[in-house]
Every structure is written in structure tokens, then in C-alpha cells.
Amino acid sequence: RYYFFNLPEEITNPGDCYVDRENRVLYFYPTAEPKDSELLIAMTAVPMFDMSGAEDVSFTDLSFKYSRGNALFGTGVSGLTVDGCTFYGLTDNAVQLERVAHVTFVNNKMSYLGRVGIRIHEAGDFPTLTPGDIRIANNEISFVGRVRHTYSGAIHLTRCIGVNILHNDLHDCPHLL
């Protein structure tokens, strides 16, 4: 199976594009009449929110859209709640967390992501079997892995203990978990 990306010859369908980096030109086949369309170009490649070291943070009913970086990023985060948020059109992960505890993702919608919906590395403590207390429930995660296809699941967990994944709608993904 082959996948070609950023070739001018492949601009054949509405929504296709080609970036000529040498001449700094974007070629784009619009999905509708240009006068009736909106073209958004994301320039920032850093996370929208870096919560490293934060405690007891909540994001409720917010939209995170159109970025080349992660929407939410953090190392050493404790007590994070993300509830009812929308993550759309991101080139990287919706959420990337490392060494976390007491984190809840509920009722969120994540779609059209370049990599993963929720990526967590290290939650809980393996030597003592202390759970990380991570809850991922009632989320819809779809159309992930749009840029990086390999190992880009809806939810990606590594070295995690004490995680509950319940009643999520995961679809149109190269890998689900």
C-alpha cells in the first residue's frame, strides 16, 4: 500500500493541495466556490496550551481548532479535566501528556487530527502498582492519523496503569488503540 503526499500531480479533487516550499506557494483546489469559502492556514507549531507541572486545571466547552502543534500538552500534570471540548483540524495530537495522574477526558469530540486523539505516556507507578487514575469516557474520536498513519490510534497509551476507557465512539482511524 502506497501513500503520496504533497505532489502537484495529485491535485485532482476538491480539498487537495500542494505546497511548493522552494517558491513559497500554496496550490489549493477549493471544496466550494472561492467567494463562498473560507481558507484557514495554521502557522503555529507549538502546543496551544502547555500545562507542564500544572495541578487542578479544567477545560470545559472549548474549541481547539487549526494548529500544526498539539492542542493540549503537559508533563507532570495532576488533576486535569477536559469536558465537552472540540478538537478539530490539528496536524499533531489533540492531547499529549507525560507522567500524569488524576486526569479525566469526558464528552469530547476529536476529529481530523494529524496523529492521535489522546496520547498519554506514563500514568501511575509500576513498581508500587499505584494507579494513575485516568478516565477516558463518552468521547467521539475519528479521522485521526491523517498525517502520520503508523501507530496513530484514537487513544495511545504507553506505560500506564489505572486507566478506565469507557463508552467511547472510535471510528475512521488507522488504529483504534
Peer 1: V82 versus V95: any side-chain heavy-atom pair under 4.5 Å?
Peer 2: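 Result no, sub-4.5 Å side-chain heavy-atom pair not found.
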Peer 1: Starting at CD1 of I136, measure out to CG of L157 and round the result to the nearest 0.5 Å.
Peer 2: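 These two atoms lie 5.5 Å from each other.
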Peer 1: Might you point out which heavy atoms bring V77 and M51 nearest each other, and give the distance in Å?
Peer 2: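 Taking every non-hydrogen atom into account, CG2-O, 3.3 Å.
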Peer 1: Pick out which of N70, L90, V147, D92 makes a side-chain contact (heavy atoms from CB on, under 4.5 Å) with L113.
Peer 2: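 Exactly one pass, corresponding to L90.
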Peer 1: Given 3.5 Å as the limit, does a donor-acceptor pair link the side chain of N139 with the main chain of F105, or not?
Peer 2: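 Yes.
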Peer 1: Can you find a heavy atom in the side chain of V19 that is under 4.5 Å from one in the side chain of N6?
Peer 2: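 Yes, side chains in contact.
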Peer 1: Hydrophobic clustering (ILVMFWY, side-chain heavy atoms < 4.5 Å, transitive) - are F143 and Y66 grouped together?
Peer 2: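 Looking at the clustering, F143 is in the same group as Y66.
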Peer 1: Donor-acceptor pair, N168 side chain versus L170 backbone, under 3.5 Å?
Peer 2: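 Checking the backbone N and O of L170 against the side chain of N168, no donor-acceptor pair under 3.5 Å is found.
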Peer 1: Can you name the nearest heavy-atom pair linking I134 to A123, along with the distance?
Peer 2: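 So the two residues come closest at CG1-CB, 3.7 Å.
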Peer 1: Is there side-chain contact between L97 and V103, with at least one heavy-atom pair below 4.5 Å?
Peer 2: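 Heavy-atom side-chain distance check passes, below 4.5 Å.
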Peer 1: P14: what forms a side chain to side chain contact (heavy atoms under 4.5 Å, CB included) with it, not counting sequence neighbours?
Peer 2: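 P14: side chain to side chain contact (heavy atoms under 4.5 Å, CB included) contacts with Y29, T31.
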Peer 1: Mind running side-chain contact (heavy atoms from CB on, under 4.5 Å) on I155 and I165 for me, showing each step along the way?
Peer 2: CA-CA 9 Å; I155 301 168; I165 302 174; 3.9 Å; yes
Peer 1: So which atom in C173 and which in I141 form the shortest heavy-atom distance, rounded to 0.1 Å?
Peer 2: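 For C173 and I141, the tightest heavy-atom pair comes out as SG-O, 3.9 Å.
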Peer 1: Please list, chain by chain and in numerical order, all residues satisfying salt bridge (Lys or Arg N to Asp or Glu O under 4.0 Å) with R135, sequence neighbours excluded.
Peer 2: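 Salt bridge (Lys or Arg N to Asp or Glu O under 4.0 Å) list for R135, sorted by chain: empty.
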Peer 1: I need the D20 CG to L26 CG distance, nearest 0.5 Å.
Peer 2: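 D20 atom CG to L26 atom CG measures 10.0 Å (nearest 0.5 Å).
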Peer 1: Check whether the side chains of T130 and T128 place a donor and an acceptor atom closer than 3.5 Å, and report yes or no.
Peer 2: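 Per modelled atom types, T130 and T128 side chains form a pair under 3.5 Å.
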Peer 1: Cut-off 3.5 Å, side chains only: do H121 and T158 have a donor facing an acceptor?
Peer 2: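 On atom types as modelled, these side chains qualify, holding a pair under 3.5 Å.
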Peer 1: Nearest 0.5 Å, what's the CE-SG distance between M110 and C85?
Peer 2: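 If I round to the nearest 0.5 Å, the distance is 8.0 Å.
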Peer 1: Among the clusters formed by ILVMFWY side chains lying less than 4.5 Å apart, do I11 and L7 turn up in the same one?
Peer 2: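 As far as the 4.5 Å side-chain criterion goes, L7 and I11 are not connected within one cluster.
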Peer 1: Are V57 and F73 linked, directly or through intermediate hydrophobic residues, by side-chain heavy-atom contacts shorter than 4.5 Å (ILVMFWY only)?
Peer 2: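 No; tracing contacts between hydrophobic side chains, which count when under 4.5 Å, never links both residues.
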Peer 1: Check the pair Q96, I120 against side-chain contact (heavy atoms from CB on, under 4.5 Å), reporting the backbone distance first and the verdict last.
Peer 2: CA-CA 6 Å; Q96 181 171 329; I120 300 176; over 6 Å; no
Peer 1: So, does N13 use its side chain to make a donor-acceptor pair with the main chain of D16 at under 3.5 Å?
Peer 2: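 Side chain of N13 to backbone of D16, a donor-acceptor pair under 3.5 Å: no, none is there.
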Peer 1: Describe, in one word, how the ring planes of F87 and F64 are oriented to each other, choosing from parallel (under 30°), tilted (30 to 60°) and perpendicular (over 60°).
Peer 2: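 The rings of F87 and F64 lie parallel, inter-plane angle below 30°.
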Peer 1: Would I118 and N93 count as a side-chain contact (heavy atoms from CB on, under 4.5 Å) here? Give the steps.
Peer 2: CA-CA 7 Å; I118 299 170; N93 306 304; over 6 Å; no
Peer 1: Between R99 and E122, does a side-chain contact (heavy atoms from CB on, under 4.5 Å) hold up when you go through it step by step?
Peer 2: CA-CA 5 Å; R99 295 186 299 285; E122 292 187 17; 3.1 Å; yes
Peer 1: Test your reading of the model: is there a side-chain donor-acceptor pair from D172 to the backbone of S142, 3.5 Å cut-off?
Peer 2: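 The answer is no, because no donor-acceptor pair under 3.5 Å joins these two groups.
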Peer 1: Are a donor atom and an acceptor atom from the side chains of D133 and H102 found within less than 3.5 Å of each other?
Peer 2: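 Indeed, the side chains of D133 and H102 share at least one donor-acceptor pair under 3.5 Å.
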Peer 1: Rounded to the nearest 0.5 Å, what separates atom CG in L80 from atom OG1 in T104?
Peer 2: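 Here the interatomic distance stands at 8.0 Å.
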Peer 1: Return the minimal non-hydrogen interatomic distance between G145 and P174, and the atom names on each side.
Peer 2: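 That would be CA-CG, 4.1 Å.
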Peer 1: Determine yes or no for a side-chain-to-main-chain donor-acceptor pair under 3.5 angstrom, with S63 supplying the side chain and T86 the backbone.
Peer 2: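 Side chain of S63 to backbone of T86: no pair is present.
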Peer 1: If only side-chain N and O atoms count, and only distance matters, is there a donor-acceptor pair under 3.5 Å linking T81 with D83?
Peer 2: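 Side-chain D/A pair, D83 to T81: absent.
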Peer 1: Compare every heavy atom of K65 with every heavy atom of M48, then report the nearest pair and how far apart it is.
Peer 2: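 Nearest pair, atom of M48 first, then K65: CE-O, 3.3 Å.
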Peer 1: Tell me whether F59 shares a hydrophobic cluster with V106, the cluster being built from Ile, Leu, Val, Met, Phe, Trp, Tyr side chains joined at under 4.5 Å.
Peer 2: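 No, separate clusters.
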Peer 1: Rounded to the nearest 0.5 Å, what separates atom CD in E140 from atom CG in D169?
Peer 2: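 With rounding to 0.5 Å, CD (E140) is 5.0 Å from CG (D169).
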